[in-house]
Amino acid sequence: MTTIENNLFDIRTMDTLASGSTSLHRLDPRAKLITTLIFIGMVVSLGKYEISMMIPFVIYPVAMMVSADLPVLYLLKKILLVSPFAVLIGIFNPLMDTAPLVQIGFLTLSGGWISFFSILIRFVLTVSAALILICLTGFNGVCMALEKLKVPAPFVVQLLFLYRYLFVLIEEASRMIRARSLRSFDSGRMRFKVFVPLLGQLLLRTLDRAQRIHLAMCCRGFDGHVRISRPMTFGYKETGFILFWSLFFILARCYNLPVHIGNLVAKGF
Amino acid sequence: MSHHIVKADNLYYTYPDGTMGINGISFTITHGESVALVGANGAGKSTLLLHLNGCLTSTKGEIRIGDDPLTPKTLKAARRSLGMVFQDPDDQLFMPTVFDDVAFGPMNLGLPEQEVEERVARALETVGASHLKHRPPHKLSGGEKRAVAIATILAVSPDILVMDEPTSNLDPLSRKRLIRLLQSFEHTKIIATHDLDMALDVCERTIVLHKGTITADGPTLDIFNNEDLLLKSGLEKPLRMQKYNPIPLNKKKVHDHDHDHDHHHH
Amino acid sequence: MHMADALISPAVGGSLWVAAAGLIGYCSKKVRQDLDDRKIPLMGVIGAFIFAAQMINFTIPATGSSGHLGGGMILTILLGPHAAFLTMASVLTVQALFFADGGLLALGCNIFNLGFFPCFICYPLIYKAIVKDNPSSGSIMTGAVLSAILGLQMGAFSVVLETFFSGISALPFAAFVTLMLPIHLAIGLVEGFTTAAVVMFVWKSRPEIMMASHGTGHSMGKVLAGFAVAAVVVGGALSWFASSHPDGLEWAMFRTSGSEELAVPEKGIHSSLAVIQEKTAFLPGYGFKTAEPPAGEEPAEAWPAVNPGTSVSGLVGGLLTLCLAVLIGFVIKRRKASRT
């Protein structure tokens, strides 16, 4: 499969995961969105040399993935796929920051290495939170939550339309690419000379489609307003969910839990 | 009663690039009629349909929906009585879920929420798609999309249903289901189609278009029996009316293949 | 060129989000006022087009490396600044959620970096100025190339600033700039050519696309005002952050005394301009004294980690917590399995 087909398959997979029926899936999307944002905020607010304090935060994505039957390997693979960027920028840390910071037995780690690992863990945590949000809520769900949270309607409508026609356009594009590649006997990489007409054709078709959609909208009485509001219930489960996790995040953020646990264990011996 | 009359009077339309689209078309379609609009590609079927709901404006002549001629002022009311189902259902299903799409029309009419829900439920049930209510359109099959697209129009309770190639891209079972559905509708129906067998099943009257003009307008069976007329208009008889006469394979090529095959063995 | 959550501090991420959210609100208002309701489906479908187009790689002639279209300029040419900004923001949002491109906190930065410059600076000030009312192959090409290059340069520079002021990455400012800017010069060149080529291809069949955005008159004053607002927001946040507040990186919400919470933003607003001046004075020399305070703060935080006792506890505790997390995972799984 080509890149574009892989991407489409990927989006469809995550879209399907979102239509699961576990109790987590059924929670109001606002609860999941807010909790995810608090999670990311807390993780990101940790200092650059923090590693042990980040570890308790792993519990959230793990708990979510397992409770909602999400495919762990699949998500891990996705995270790994995007990690090169973080690694690329982060790798400068050990190179630049060479002052030793931590000594564990005979092993001396410089500040740079500590902050590099911190970046990696930070990356895994924040990225997994975003992916889990989509797998639990679905894109439409997130948009509905945004609408209820007073995000301007034109932007939410735009998100919804974009998502709706993503599939149509990616399929159209992949058909055109496949047709081209079957007729070209070169290395398989598209030359610029071919790319421009291909993209131009796609754009022309897109403009035509926009016109037809607009016609269809007018034929059904479109007056300039797309009404997308939907009744949503925010009950005790949702409040409980947000409170529980927020308290945990705040606790993990303020107190170095692993150090305390480690001390307890040390005292025990 | 006259609400349901669709009348075209000496219609002419030229495309922006100068080519002739509609070259003098006149017809009257009365309440409850089912009319098939047939013709070769480029005959002007889709162009004519787009005139009926005001998407295109003729360069000469007029269209009447009910009592009133179609003008920018009467457009909105006309679109309430005349609902059009487009060829590509993806153009018609643009909301996040099926429910939203079917509710789009009634909501734009300003109907109260309760009534909107009732209309959506009824429309979906008519097309047999109630179970798809909360599904996003990109997860529907071709046949399901077609059905839901029809439901989006039914929800505004039009008197006249206009459809552009409704059976295209449908698998045989979906097609059959659609034909039965169309047969059950009491609306006035105007259906542009290549599927002449479906036209036989659904429409008692047929208008044949050729190069922007009407070459025939009458009972469907009579027209489909007139081979000369059909051929002149770039068409042929519906499959079920053709004598069993399979297109023969090229015998010479078959023989050569066998010859080579034998040769290879020795 | 996308920012990542892992490299951002909440102060920088938060303030860029404020800027991005403000722009989204502003553009939403403008789009709502636009009488042309054809824009609504157009934005959606063209957004999908850009999304799909970004997945198509082509080989850049004479280099052999592959590139793909960014789309900021094409969007603005087809839709006008406000609709284009919303569209770009929506594409980036989908990418952040589905492809983990950057993350949700960095999304604000990305929306600003990739949306603000092409839509509100390059298009009105460069592209429209060159193309004016009679587009031609030459003017489209020049306009597109210049806009793309400058837009990407400004975007890339923003990424550097954002990363630098977040203080998570240890990459020095000078090195980062020398890394990012030349690369994005090349990318900008390719982007400009591609944009121009595609626009010209479509323009031949649909001349009216060049007319799409002519309705939205954009006065120079408004643009500069917008830029100034963004600069103040960013500058204010940065000065708060770089102030000699003992816990520069900590969130205000963890401060126990209300007075400190109030004092800090005020200080930021008052001294923001002064601080910006201070910083810009240092820029040419690349001698970053201002780099020190954030980094200087760090050892104060990190010192506890140097204490061998705490570091061993930290390690042991960390491992235990990880085991705990996995254990919790198994327990939940078991309970679910036994229930079904």
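In what follows, chains carry the letters A, B, and so on, assigned in the order in which the sequence lines appear, proteins first and then strands, with residues in each chain numbered from 1. Only a predicted model underlies this, so the values are computations on that prediction, with no experimental measurement involved. Computed from heavy atoms alone, side chains included, the values below leave out hydrogens, waters and symmetry copies.
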What part of [X] gets within 4.5 angstrom of chain A, counting heavy atoms only: side chain, backbone, both, or neither?
X: C:Phe176; answer: side chain
X: C:Ala89; answer: both
X: C:Thr194; answer: both
X: C:Val91; answer: both
X: C:Phe58; answer: both

Out of [options], return the one with the most heavy atom pairs under 4.5 angstrom to chain C.
options: A:Ile11, A:Leu160, A:Ile213; result: A:Ile11
options: A:Pro197, A:Ala63, A:Ser115; result: A:Pro197
options: A:Ile79, A:Leu159, A:Val127; result: A:Leu159

So, do [X] and [Y] sit near enough that their side-chain heavy atoms are less than 4.5 Å apart?
X: C:Ile46; Y: A:Leu207; value: yes
X: A:Arg205; Y: C:Val45; value: no
X: C:Val199; Y: A:Leu203; value: no
X: A:Phe222; Y: C:Ile40; value: yes
X: C:Phe49; Y: A:Leu199; value: yes
X: C:Phe201; Y: A:Leu204; value: yes

What closest approach, in Å, do [X] and [Y] show between heavy atoms, and which atom pair accounts for it?
X: C:Val198; Y: A:Val196; answer: N-CG1, 4.1 Å
X: A:Val44; Y: C:Pro10; answer: O-CD, 3.5 Å
X: C:Leu97; Y: A:Phe139; answer: CD1-CE1, 3.9 Å
X: A:Pro152; Y: C:Gly25; answer: CG-CA, 4.0 Å
X: C:Pro41; Y: A:His214; answer: CG-CB, 3.9 Å
X: C:Val31; Y: A:Pro154; answer: CG1-CB, 4.5 Å

Measuring heavy-atom distances to chain C, does [X] have an atom under 4.5 Å in its side chain, in its backbone, in both, or in neither?
X: A:Phe155; result: both
X: A:Gln201; result: both
X: A:Leu215; result: neither
X: A:Val226; result: side chain

Determine, using ring centers only, whether C:Phe98 and A:Tyr163 are less than 6.0 Å apart. yes

Quick check for you: to the nearest 0.5 Å, what is the distance between [X] atom [atom1] and [Y] atom [atom2]?
X: C:Gln54; Y: A:Asn7; atom1: CD; atom2: CG; answer: 10.5 Å
X: C:Ile8; Y: A:Ser45; atom1: CD1; atom2: OG; answer: 13.5 Å
X: A:Leu8; Y: C:Met55; atom1: CG; atom2: CE; answer: 7.5 Å
X: C:Ile56; Y: A:Ile177; atom1: CD1; atom2: CD1; answer: 4.0 Å

Check for a donor-acceptor pair, side chain of A:Gln158 on one end and backbone N or O of C:Ser90 on the other, with a separation under 3.5 Å. no

If only side-chain N and O atoms count, and only distance matters, is there a donor-acceptor pair under 3.5 Å linking A:His225 with C:Asp37? no

Take a 6.0 Å sphere around CZ of C:Arg38 and say whether it holds more than 12 heavy atoms from other residues, nucleotides or ligands. no

